[in-house]
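Read the structure below first, then the notes.
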Number of protein chains: 4
Amino acid sequence: MPVEMQSTLEPRKTPVQARSTVTVEAIAEAAIQVLLSHGVERLTTTRVAERAGVSVGTLYQYYPNKQALLFAVLEAHLDKVTALLSRACEESHGLPIKAMVKHVIEAFVDAKMERTDVSMALYKIAAELGGVKVVRSVGERSHRTIEQMLMTVPGVQFEDVKFTARMMMATMAGTTRNVLEAGATPALVKGLRKHLVLLCQSYLQSCNAHAV
Amino acid sequence: MPVEMQSTLEPRKTPVQARSTVTVEAIAEAAIQVLLSHGVERLTTTRVAERAGVSVGTLYQYYPNKQALLFAVLEAHLDKVTALLSRACEESHGLPIKAMVKHVIEAFVDAKMERTDVSMALYKIAAELGGVKVVRSVGERSHRTIEQMLMTVPGVQFEDVKFTARMMMATMAGTTRNVLEAGATPALVKGLRKHLVLLCQSYLQSCNAHAV
Amino acid sequence: MPVEMQSTLEPRKTPVQARSTVTVEAIAEAAIQVLLSHGVERLTTTRVAERAGVSVGTLYQYYPNKQALLFAVLEAHLDKVTALLSRACEESHGLPIKAMVKHVIEAFVDAKMERTDVSMALYKIAAELGGVKVVRSVGERSHRTIEQMLMTVPGVQFEDVKFTARMMMATMAGTTRNVLEAGATPALVKGLRKHLVLLCQSYLQSCNAHAV
Amino acid sequence: MPVEMQSTLEPRKTPVQARSTVTVEAIAEAAIQVLLSHGVERLTTTRVAERAGVSVGTLYQYYPNKQALLFAVLEAHLDKVTALLSRACEESHGLPIKAMVKHVIEAFVDAKMERTDVSMALYKIAAELGGVKVVRSVGERSHRTIEQMLMTVPGVQFEDVKFTARMMMATMAGTTRNVLEAGATPALVKGLRKHLVLLCQSYLQSCNAHAV
DNA sequence: CATGAATGAGGTTTCATTCAT
DNA sequence: TATGAATGAAACCTCATTCAT
């Protein structure tokens, strides 16, 4: 991916007609297909257009450049995961720590593991998109959501909720990624799901104890 | 007219004269420099050769292709980190859990954080090299080292040491990476260093409790 | 970073718009021009594209690689010669040996000599393409055509028609090539045309006699 | 093979010491080996040197450039074949046509077929060396040898001996080459050996008859 | 004499992007 | 709007040849 960085990542035109919406989604979906079948390295705009059943020209009508396309795909995924995570957080407000962590972590792992192939492919996109700030902003949002949830744990006062939330997120996301990339067997995923809960539960409790 | 293909990652020729040893290292070093200054995407063999003060031809005398170069650089880094980790593990044999974890985790975080820029750049290489098995094999080695260490904790019998070791590694490496990639301020790194210890300590203890 | 390999000689895409048909032919023609003016050794895809008045990229839209281009050019030539030869063979069914040979040989020599420069240039391509089977398959076809023709000679039964046909072809093609490559003056070509007929006539007759 | 044509094809230095002679021959032999195992396209000076067990530098001490090396190899082969042919011609002076042709043709075919692989590889070199005049001059010599032989046939006066000799040579060499390149099975070679004799015998006789 | 490290022009091929139809 | 032909910069890699050691 050559030349300039981050020219315009915004979609070029907002599809108003139904037909266009279909096209836009077909392209995004095709991008994922190509990602899975060919890898990032071999994902080309032409190839994506082909898979989507449109011409390159059409692709460029909706996405100003390749980065914007990749970005849109990544964003959709992140949005989905973030939404699931947020919901789980909100549902957990006021629960005791153990239940809260269990609910949230399982929601996250399940979201990521639903399509491990897609998740992995998207890690590569994220790397490719590197500095792009929006990727981080997604993290920010989740960060705040978790932070707010942690503040509702009954009878607990964390020393530094902000940091604790950050740490929990990093563990959750980082560990999951690591397992995924090392080649996740179903058994391993199951273990991860259970022990990531354990991990965060004991961590948060020790944070609390520590605080006391 | 090309015709053939050879996808070896092995260095092409072992330098016999003193002069060439210098060259080989200059190239590897230059690769890191370019990685940092331009990013993976803009790392070209020509650019690396230029930076190293040699011609492309020379580069290709020692590395059969670009991948091999990147691989060599990554391998050197991984070897270093692995070596430090192994040492810490061996030094910790027989220590009580808390001390053991503290020693090992701190060694790992320090190794990774010594040059955050290099570490981050190498994550991208690792992504690029994707499937390459050797990357995984490094993980395997560390895995065994940690497993063996865990078996020496006095008075503790883990339900499934293999998995526990795997989990600890994933947490250690994954969380560190996540923090790094989200943009690590020195303060954050300090917090990570401390809390990653906490995290693993409490996890291992709860694993143990669980077993009982 | 390359990674894959595809060594198809098949044209990459069939032109659908009128414009591109023109382009494809311009490129093939340019290839011959370059072949004549620079020689195989100095025929580069860039040079061909330049001569054709298009960009390299365009060339690669229609020919997946250099070999495919050379192959296409060679094939066109061989097809033409083969077609002329086949026609002459068919027209000669049932003729007495002398007339038959005269008709066929003259058709062949005339086809090859129409553009001696092109013929010679293509010998080099054929060498370059070496093993490529299609080159041989052209020979096969002609072989059968000649064999079938020989079986129609009235009052003659060859001992081993298959071999006789093979021998006749080898003589016809080989001798012509030899003369061509040794530097064919018009006078020499004229002599060849006449004596190659003589050669094959007397050979076939002696084969027949031999059989009797 | 780039840049200039035909700078100097003469060996750079005439080896005076025994050791050098050995080296020179080892290199020439290695060139043939590489030719057979890798093909012309992949014959590089470095590869030849390696195979010969010397350094490239050494190779360049004896051959001023790659062309000169190839040329030397080709020349050696041609010289050998030419010598055998000449001897056969001289031995045949004064014989009747049939015996003469049989002796000469069989000598030629046997010489070429002794190492079909080498013969074929050398055709490619000859193509590569293209215009180089010395290749032709070898032909000239043989031409004269044959011509002189033909003039000794008892009781025969050819209309145009020069041309007849040329034609015989072209047939002999061309047909052999054609069979060789189309993939010569031992059976085919045997047939060629016999029928090439037949071919030339009947041709020469009909030439003679013609003259009368 | 021999070595082999270094050179760098030059070749092939890809792919994001534009624009006439 | 959609198409897909055209573009061309830029990447990777090779290999004949030289020259310091």
Side-chain angles (χ1 to χ4, degrees), chain A residues 1-4 13 17 19-20 23 41-47 49-50 54-67 69, chain B residues 1-3 13 15-24 42-47 49 53-67, chain C residues 1-4 6 13 15-24 42-47 49 53-67 69, chain D residues 1-4 13 15 17 19-20 23 42-47 49-50 54-62 64-67 69:
Chain A
M1 256 204 304
V3 186
E4 86 275 66
K13 73 162 76 157
Q17 303 181 7
R19 176 169 56 144
S20 311
T23 303
E41 216 68 22
R42 311 202 58 65
L43 180 152
T44 71
T45 49
T46 309
R47 196 118 57 189
E50 228 165 47
V54 299
S55 69
V56 227
T58 300
L59 187 157
Y60 275 88
Q61 296 238 329
Y62 297 106
Y63 300 93
N65 51 49
K66 191 183 165 187
Q67 269 206 24
L69 168 60
Chain B
M1 279 224 274
V3 167
K13 112 208 248 172
V16 295
Q17 297 182 9
R19 174 167 55 142
S20 57
T21 308
V22 174
T23 303
V24 167
R42 309 193 67 72
L43 178 152
T44 71
T45 48
T46 313
R47 199 116 59 189
V54 300
S55 69
V56 225
T58 299
L59 187 157
Y60 278 92
Q61 292 232 334
Y62 299 104
Y63 300 93
N65 50 50
K66 191 182 164 186
Q67 271 206 21
Chain C
M1 274 217 281
V3 168
E4 110 256 55
Q6 87 173 138
K13 116 210 245 171
V16 294
Q17 298 182 7
R19 174 168 52 144
S20 57
T21 308
V22 174
T23 303
V24 167
R42 309 194 66 71
L43 179 152
T44 72
T45 50
T46 312
R47 199 117 56 191
V54 298
S55 67
V56 226
T58 298
L59 188 157
Y60 277 91
Q61 290 231 337
Y62 300 103
Y63 300 94
N65 49 53
K66 190 183 166 185
Q67 270 206 22
L69 169 61
Chain D
M1 246 189 323
V3 188
E4 84 274 67
K13 73 163 77 157
Q17 301 180 7
R19 175 169 56 144
S20 312
T23 303
R42 312 201 56 66
L43 180 153
T44 69
T45 49
T46 310
R47 198 119 54 191
E50 230 163 46
V54 299
S55 68
V56 227
T58 301
L59 186 157
Y60 275 88
Q61 296 241 328
Y62 296 105
N65 51 49
K66 191 183 165 186
Q67 270 207 21
L69 168 60

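The structure presented is a predicted model; accordingly, all values stated were derived computationally and were not measured. Chain letters run A, B, ... following the sequence lines, proteins first and then strands; every chain starts at 1.
Taking each heavy atom of D:Asn65 and D:Tyr60 in turn, the nearest pair found is CA-CE2, 3.9 Å. The two residues C:Ala49 and C:Leu59 come nearest to each other via the heavy atoms N-CD1, 4.0 Å. The nearest pair of heavy atoms linking A:Arg47 to A:Arg42 is NH2-O, 3.1 Å. Minimum heavy-atom separation, D:Tyr62 to D:Thr23: CE1-CG2, 4.0 Å.
The residue among D:Val56 and C:Gly53 whose nearest nucleotide of DNA chain F is located toward the 5' end is C:Gly53. Checking C:Gly57 against B:Gly57, the closest nucleotide of DNA chain F that is more toward the 5' end is the one next to C:Gly57. A residue-by-residue look at C:Thr44 and B:Val54 shows that B:Val54 has its nearest nucleotide of DNA chain E further toward the 5' end.
In this structure, CG of C:Leu69 is placed 15 Å from P of E:dG11, rounded to the nearest angstrom. Here the P atom of nucleotide E:dC15 and the CD atom of A:Gln67 are 17 Å apart, to the nearest Å. Rounding to whole angstrom units, CG of residue C:Leu59 and P of E:dT12 are separated by 10 Å. A:Glu41 places its CD atom 14 Å from the P atom of F:dA11, with the value rounded to the nearest Å. B:Gln61 has its CD atom 11 Å from the P atom of F:dT14, to the nearest Å. Atom CG in D:Leu43 sits roughly 14 Å away from atom C1' in F:dT14 (whole-Å rounding). D:Arg42 places its CZ atom 11 Å from the C1' atom of F:dC15, with the value rounded to the nearest Å. Whole-Å rounding puts the D:Asn65 CG to F:dT17 P distance at 5 Å.
To the nearest 0.5 angstrom, D:Lys66 atom NZ is 10.0 Å from D:Thr46 atom OG1. For the atom pair OG1 (D:Thr45) and CG (D:Leu69), the distance works out to 8.5 Å, reported to the nearest 0.5 Å.
Considering only side-chain N and O atoms, B:Thr45 lies under 4.0 angstrom from the phosphate OP1 or OP2 of F:dC12. Of the side-chain N and O atoms in C:Tyr60, none sit less than 4.0 angstrom from OP1 or OP2 of F:dG8. Side-chain nitrogen and oxygen atoms of C:Thr23 include at least one within less than 4.0 Å of the OP1 or OP2 phosphate oxygen of F:dA6. The phosphate of E:dG11 has OP1 or OP2 within less than 4.0 Å of a side-chain N or O from C:Arg47. Distances shorter than 4.0 Å separate none of the side-chain N or O atoms of B:Thr58 from OP1 or OP2 on E:dA5.
Residues forming a side-chain contact (heavy atoms from CB on, under 4.5 Å) with A:Ser55 (at least two apart in sequence, or on another chain): A:Thr58.
Checking E:dT3, E:dA5, E:dC15 against every side-chain atom of B:Tyr62, the shortest atom distance belongs to E:dA5. The side chain of A:Ser55 sits closest to F:dG4 out of F:dG4, E:dG8, E:dT13. Distance from the side chain of B:Lys66 is smallest for F:dC13 among the nucleotides F:dA9, F:dC13, E:dT17.
Stem analysis of DNA chain E (Watson-Crick or G-U pairs, both distances under 3.5 Å, runs of at least three) returns E:2-21 with F:2-21.
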